[in-house]
Amino acid sequence: MFLRHVTNDISAYCHGELSSEHSKQFAEHLIACAKCRTKFEEVKLGIKLAEQLPRLSAPDRLWSEIEPLLTRETASAVRPYWMWQSKVAAAAVLLLVAGLGVFWIYKGRNPKPSWLVKRLNGAPKIGSEQISANGRLAIGEWLETDGTSRAQIDVASIGNVEVEANSRVRLLQSRADEHRLELVRGKMSARIWAPPRLFFVDTPSAVAADYGCAYTLEVNDQGGSLLRVTSGWVAMETKDRESMVPAGASCETRPGIGPGTAYFDDAAPAFREALAKVDFDPDAAVREAALTSVLDQARPRDTLTLWHLFRRSDGADRERLYDKLATFVPPPAGVTREGMLRGDEQMTSDWLAVLEPIWTGNSGGKMVPKKVADAYFKVRNGLSRRLKDMAPK
Ligand SMILES: [Zn+2]
């Protein structure tokens, strides 16, 4: 499932045109492949821009300039190509500018989207207003809870978020292809049933990107955060660092550093302490000693942590991590030590295909039955199509 890049299928995926089996493979590949994820984001952005630009007719004056040009081009093959090209380019720029103008006017007239907020306990506030039973959170507005209040937010039609006591949350974006909250303090739990990468939560030290999942996210007063995933996958990411976190695992993030390495919640406390040093200690000697401790205490399931460390390490550390990984899960045929150390993409995909079921299976190491997975993705794809239908036309 990880063998082939999926860049050619991105547009079809975004428009709900893939079969459910194909969509499932697409989503799983996206989880494993940073390269395709980047491409996916780019294509999504393009689609978003295209959808926001309303169709409009070009002014007659413009056509009166273009039409003779086109006629002349067909009539006379000797006309220099570049002259024709530059005039059409100028016309295209004019069209684009006119389109953007109309887009801004159109955007100004549309009311801001907002999400339903239900009071669960106490007196949560939206802005400075206390909400009694229900309220609405518009883009840019803050929802705040004190020591005794809690609230639930409906995330458009794709899930919900419970905001715990002493928390501050803002709605940043609500569009068919992107829903985004900001959590600056406190704790929230999210249950999302959308296709991957539709729901995001910004924290002061990283962004949590949803891959169809349930999780809790906590932000402390220093701006650090702790993510715990209970189902599916979540990515914790900054511009240059990312950790993929499966169900049963957690990931800590720190301001100025970003996400640390994902670890399973049932890993030994000493393993987790050592990992925090590997991820965040400023002293290289301390990090080095801590890595030895991580390697010594790792269990087969902790290959999740070792793999992510391996992917971001170099030199002697990279070799040590490779050797430990290979003792737990021997690389499949065709994957060599030398190839892995130099970061061969195909070998990385092949080995990951063997490792990933160990991380996402239940605690007995068994995989989720295929039937269950298929049913899950069928529901997901149905929702994706519905979301698309609901998108502003
Ligand atoms: Zn790929």
Side-chain angles (χ1 to χ4, degrees), residues 1-48 177-178 194-200 207-213 229 232-246 249 251 258-259 261-262 303-304 306-314 318 322 325 329 331-336 338-360 367-368 370 373-374 376-377 380-381 384:
M1 62 181 137
F2 295 110
L3 304 183
R4 195 176 61 82
H5 289 300
V6 294
T7 42
N8 291 337
D9 300 332
I10 294 174
S11 173
Y13 177 80
C14 290
H15 292 102
E17 289 158 3
L18 297 181
S19 70
S20 71
E21 176 64 13
H22 202 156
S23 276
K24 171 176 174 279
Q25 285 167 357
F26 181 96
E28 284 178 351
H29 181 87
L30 222 59
I31 288 169
C33 178
K35 196 171 151 187
C36 287
R37 271 205 300 284
T38 308
K39 195 73 205 165
F40 177 62
E41 290 301 316
E42 285 169 18
V43 172
K44 244 175 56 181
L45 183 69
I47 292 174
K48 185 157 67 197
D177 60 353
E178 183 179 310
R197 300 194 73 83
L198 276 186
F199 179 64
F200 300 86
V207 176
D210 156 83
Y211 279 78
C213 57
V229 181
W233 286 85
V234 180
M236 278 308 263
E237 51 197 32
T238 51
K239 219 186 246 164
D240 50 6
R241 218 174 195 205
E242 135 190 287
S243 283
M244 295 297 300
V245 191
C251 179
T261 313
T303 44
L304 169 76
L306 302 185
W307 176 261
H308 281 87
L309 285 172
F310 171 77
R311 296 278 286 153
R312 51 169 86 137
S313 66
D314 49 28
R318 194 168 171 82
Y322 173 90
L325 276 164
V329 182
V335 177
T336 64
E338 183 272 327
M340 283 304 297
L341 289 177
R342 92 177 116 79
D344 184 282
E345 254 183 56
Q346 187 60 54
M347 292 189 195
T348 302
S349 296
D350 291 353
W351 201 3
L352 190 58
V354 182
L355 285 160
E356 200 251 8
I358 300 173
W359 308 333
T360 51
M367 287 192 68
V368 176
K370 190 172 174 300
D374 285 351
Y376 170 64
F377 275 97
R380 238 194 204 187
N381 294 335
S384 157

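Whatever order the structure lists them in is the order used to number ligands and atoms, beginning at 1.
- Ring-centre distance between Trp307 and Tyr322: not below the 6.0 Å cut-off.
- Ion pairing between Arg37 and Glu41 fails under the 4.0 Å rule for side-chain N and carboxylate O.
- Nearest N/O/S atom of His5 with respect to the Zn ion (ligand 1) is recorded as ND1.
- Rounded to 10 degrees, the SG-metal-SG angle spanning Cys33 and Cys36 at the Zn ion (ligand 1) equals 110°.
- Between the side chains of Ser243 and Arg311, no donor N or O sits under 3.5 Å from an acceptor N or O.
- Salt bridge status for Lys35 with Glu345: present, with a side-chain N to carboxylate O gap under 4.0 Å.
- Its N, O or S atom nearest to the Zn ion (ligand 1) is what matters here, and for His29 that atom is NE2.
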